[in-house]
2 protein chains.
Amino acid sequence: MDPHLLRTYVTVARLASFSEAARDLGYTQSAVSQHIAALETDLGLPLLTRRPVAPTPAGERLLEHAGALLLRLDAARADLGRFAAAPRATLGVAASPLALTPRTLAALPATGVTLRALPRERVPVAVATGEADAGLVDGVAAPSDPLRLPDVAPLAATGVTEEPLAVVLPAHHPLAARPGLRLDDLVDARWLDAPAAGIPLDRLRAVHGGPAGRGFRTALRYEGTDTRTLAALAAAGQGLALLPLSATDGVPGSAAVPLVAPRLVHRTELLLPAGAHGEPSGPVAEFARRLKSRHP
Amino acid sequence: MDPHLLRTYVTVARLASFSEAARDLGYTQSAVSQHIAALETDLGLPLLTRRPVAPTPAGERLLEHAGALLLRLDAARADLGRFAAAPRATLGVAASPLALTPRTLAALPATGVTLRALPRERVPVAVATGEADAGLVDGVAAPSDPLRLPDVAPLAATGVTEEPLAVVLPAHHPLAARPGLRLDDLVDARWLDAPAAGIPLDRLRAVHGGPAGRGFRTALRYEGTDTRTLAALAAAGQGLALLPLSATDGVPGSAAVPLVAPRLVHRTELLLPAGAHGEPSGPVAEFARRLKSRHP
DNA sequence: GGCGAGGATAAGCATCCGTGATGGAAGGAG
DNA sequence: CTCCTTCCATCACGGATGCTTATCCTCGCC
């Protein structure tokens with residue numbers, strides 16, 4: 001199970017074609033064919049159906065493993081590369097949209113910053129593979145609980161902010177006048193499904209757990225990343241949305257009611273490559289220090 | 001970064017010797033030397049000091065990555081091997097000591113079972129690499145929260161039992177008469193540090209989190225796996241121990257008081273290789289069904 | 001200062017890997 | 001139905017790779 005073979009395998013599976021994978025990888029079609037054959041004889045299993053080219057059940061399984069393996073391999077290379085590379089003057093930050101709160105934004109240095117918004121699950125990957133020097137992720141958790149992040153590589157996560165969650169609903173909604181809402185009050189409501197812009201509902205179910213959390217009924221699905229749009233959709237009565245309290249301000253026609261039960265908070269964490277062989281003078285360390293220092 | 005090279009690297013680092021690593025791997029010393037040289041030129045870094053042979057800081061880092069990588073590689077191979085292998089009639093179960101509750105033991109089939117007790121963190125590894133067909137792990141978590149397990153490979157975890165935690169202390173202890181204890185009541189107490197037999201204190205601190213959790217003062221450290229011995233040590237006044245309530249019975253001179261705050265439970269989970277290409281007739285599926293079915 | 005242990009280096013040879021050419025099967029157009 | 005195109009499998013070959021044997025070099029030790 002040479003990583004080389006695995007790489008061509010995932011490429012073939014992704015492109016559903018030996019020839020295109022060969023072009024993509026800079027090999028000949030013959031080489032790709034031999035790679036796949038080598039993998040299949042090594043494992044003693046057919047991994048792909050030909051014509052059409054598609055993974056077998058075993059091949060699907062291998063795809064999961066191979067993805068994680070190649071990721072970790074890249075992460076290791078990037079991590080070791082940090083030892084050799086000269087310290088850079090710029091700072092690349094990968095962040096999930098809702099992790100960009102006033103507080104995290106204020107901690108960014110004034111110059112030389114590249115900020116990249118990514119889906120939540122890709123932020124740890126970006127930090128691990130060195131695409132970004134630091135990461136900011138958000139998620140829901142019990143108070144002072146760390147987020148559950150996939151451990152693609154040894155990363156150091158430190159909490160940055162915690163703030164209440166709020167349900168966004170139309171201003172004229174009967175529940176809008178309440179001081180606080182319980183999730184149990186809303187089991188029959190229709191939710192906006194906005195995995196990129198809001199809190200993904202499945203994640204909420206996982207944290208909330210238990211029988212009360214089963215079955216969020218979803219109304220509209222919004223695939224963009226803009227929080228204002230999401231709040232506007234909620235204001236328009238398209239469904240309920242769950243957002244950190246600070247992100248609910250100033251959308252006309254909407255009301256935000258804090259979620260009081262279950263006790264959950266919106267948490268953002270700073271992600272750095274673990275080990276911290278960083279000299280304390282670089283822009284990364286500077287950023288981390290500013291984030292940690294002033295705890296209002 | 002060929003896995004082959006990584007494997008020899010970790011062997012050299014473990015044995016602190018090129019020649020012994022060569023013997024161990026069935027290579028010549030020359031080959032091992034070339035492997036290390038190849039790795040070092042590839043990464044552009046010295047990984048080992050010679051004479052004595054020891055990893056450099058970068059090498060330490062590589063060790064972490066390499067360990068995880070080789071583990072995942074073994075896991076992938078084992079997982080794919082399950083597709084080809086004939087279904088076996090025996091059942092290998094890896095379990096952490098405290099996961100062996102009456103309930104889990106009762107679910108074991110009558111014949112053909114190999115039960116292996118392992119440290120907590122090795123159970124997922126054993127399941128992933130196919131050393132065991134199923135795993136039972138225990139840990140502390142908030143009620144109905146899943147355990148935090150290292151994801152060495154895609155494993156399916158399902159909750160099996162949840163029960164209260166109890167503080168074990170001498171029967172004559174002033175707190176022994178209380179109906180329940182808060183962890184904050186015990187910040188000044190001395191604890192028994194028993195990572196294998198009891199609840200590891202650092203894990204508790206991680207779950208509990210927050211400022212109140214800092215600083216468990218440890219008294220005696222017990223490296224065995226026997227729960228009765230641990231309770232006996234607590235009865236003898238050597239320190240406090242934390243155990244699932246059901247494991248605290250019948251040790252003379254000891255008293256067990258349930259832990260009421262923070263709200264934590266002792267949870268055991270069943271670990272199976274994800275994907276579940278298992279035919280529903282094997283002993284593994286039978287075991288899983290018996291564990292899940294009767295929820296008293 | 002000599003010696004021994006252990007790692008580095010050199011040359012040789014088998015194996016492996018990727019290329020180019022060719023074969024063969026499936027699907028589509030007429 | 002047949003031809004043709006597309007695409008994967010197979011074969012033969014040349015260059016590169018990897019492991020071995022043999023030898024050298026360097027450090028540590030008495």
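The chains referred to below are lettered A, B, ... by the order of the sequence lines, with proteins before strands, and numbering in each begins at 1.
- The side-chain contact (heavy atoms from CB on, under 4.5 Å) with Leu136(B) is formed by just one residue from the set Val123(B), Leu291(B), Leu271(B); it is Leu291(B).
- Residues Arg148(B) and Pro146(A) approach most closely at NH2-O, 3.0 Å, considering heavy atoms.
- A donor-acceptor contact shorter than 3.5 Å links the side chain of Thr41(A) to the backbone of Ala37(A).
- A donor-acceptor pair is defined here as one N or O able to donate and one able to accept, closer than 3.5 Å; such a pair exists between the side chain of Glu269(A) and the backbone of Leu147(A).
- Minimum heavy-atom separation, Leu80(B) to Ala58(A): CD1-O, 3.4 Å.
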Working for side-chain contact (heavy atoms from CB on, under 4.5 Å), residues Gln238(A) and Tyr222(A): CA-CA 11 Å; Gln238(A) 293 287 351; Tyr222(A) 171 56; over 6 Å; no
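- Less than 4.0 Å separates DNA chain C from at least one heavy atom of each of the following residues of residues 14-29 of chain A: Gly26(A), Tyr27(A), Thr28(A).
- Looking at Ser96(A), its side chain does come within 3.5 Å of a backbone N or O of Asp138(A) through a donor-acceptor pair.
- Looking at residues 30-49 of chain A, you'll see Ser30(A), Ser33(A), Gln34(A) sit with a heavy atom under 4.0 Å from some atom of DNA chain D.
- Protein atom NE2 of His4(A) is 9 Å distant from nucleotide atom C1' of dC17(C), rounded to whole Å.
- When the C1' atoms of four end pairs are superposed on the next four at each end of the helix from dG1(C)-dC30(D) to dG30(C)-dC1(D), using five pairs per end, the two resulting axes differ in direction by 30°, to 10°.
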Check against side-chain contact (heavy atoms from CB on, under 4.5 Å), Phe83(A) and Arg61(B): CA-CA 10 Å; Phe83(A) 277 87; Arg61(B) 217 60 211 296; 4.0 Å; yes
Stepwise side-chain contact (heavy atoms from CB on, under 4.5 Å) check, Leu272(B) with Val284(B): CA-CA 9 Å; Leu272(B) 292 177; Val284(B) 181; 3.7 Å; yes
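- The only member of Leu192(B), Leu220(B), Thr225(B) that meets side-chain contact (heavy atoms from CB on, under 4.5 Å) when paired with Leu230(B) is Leu192(B).
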